[in-house]
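In what follows, a structure is listed as structure tokens, so that the remarks can point back to it.
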Amino acid sequence: MALSACLMSCATVVSQIEVLAAGDLGRRRVWTDEEKIRIVEESLQGYRQGSATARRYGLSRSLLTIWRREYRSGVLGRAAYHGFVPLAISPPEAEPREVVSQPRTDDDVRIEIGLPNGRRLTIPASLDPNILVRLLPVLDAS
């Protein structure tokens with residue numbers, strides 16, 4: 001009995017406590033796109049790094065999941081792009097006319113792409129995919 005009484009009186013409780021200033025309550029942290037990208041890339045470095053990274057930066061796991069989804073789809077950091085891409089818009093054809101069908105070569109094959117903002121883009125099928133990857137976000141954002 002004496003030993004258990006000693007253990008009870010000698011035991012200490014250790015817990016992690018975070019002290020918040022009164023001004024910090026109810027305030028959300030504003031993260032820049034660069035910070036979000038850095039945190040997301042860090043969370044993708046290894047197996048099961050998402051939760052550990054979220055804890056390290058004081059984020060909820062669900063917020064980090066949203067950032068990771070935006071990162072994968074290319075939405076995260078898109079607004080930070082400022083640049084010009086050459087673009088030529090041709091006037092619409094005047095009247096439909098009778099066209100004699102001719103055999104098409106690979107150079108004549110065209111692809112029409114409908115963008116989410118309602119615009120349509122017609123490109124040659126031989127266009128380099130790297131050029132298209134750089135062109136689509138600019139056209140879709142404007």
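All of these numbers come straight from a predicted model, not from anything done at the bench.
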Non-neighbouring partners of Arg38 that pass side-chain hydrogen bond (donor to acceptor under 3.5 Å, both in side chains), sequence neighbours left out: Tyr57
Counterpart residues, salt bridge (charged side-chain N to carboxylate O under 4.0 Å, His left out), relative to Arg56 (two or more places apart): Glu42
Contacts of Thr32 meeting side-chain hydrogen bond (donor to acceptor under 3.5 Å, both in side chains) (sequence neighbours excluded), chain-then-number -> Glu35
To the nearest 0.5 Å, what is the distance between CD1 on Ile113 and CD1 on Ile123? 4.0 Å
With side chains defined as the heavy atoms from C-beta onward, is the minimum distance between Leu64 and Ser43 less than 4.5 Å? yes
Residues in side-chain hydrogen bond (donor to acceptor under 3.5 Å, both in side chains) contact with Arg69, at least two apart in sequence or another chain: none
Return the set of residues passing side-chain hydrogen bond (donor to acceptor under 3.5 Å, both in side chains) with Glu112 (not counting sequence neighbours), or none when no residue passes. Arg120
Looking at CD1 of Ile66 and CG of Leu59, how far apart are the two atoms once the value is rounded to the nearest 0.5 Å? 11.0 Å
Could you tell me if the side chain of Ile111 sits less than 4.5 Å from the side chain of Leu121, heavy atoms only? no
What residues form a side chain to side chain contact (heavy atoms under 4.5 Å, CB included) with Leu44, not counting sequence neighbours? Val40, Arg68, Tyr71, Arg72
CG/Leu63 to CZ/Arg29 distance, rounded to the nearest 0.5 angstrom? 11.5 Å
Contact between Trp67 and Ile37 at the side-chain level, heavy atoms closer than 4.5 Å - yes or no? no
Looking only at side-chain N and O atoms, does Arg61 offer a donor or acceptor that is under 3.5 Å from a partner on Thr65? yes
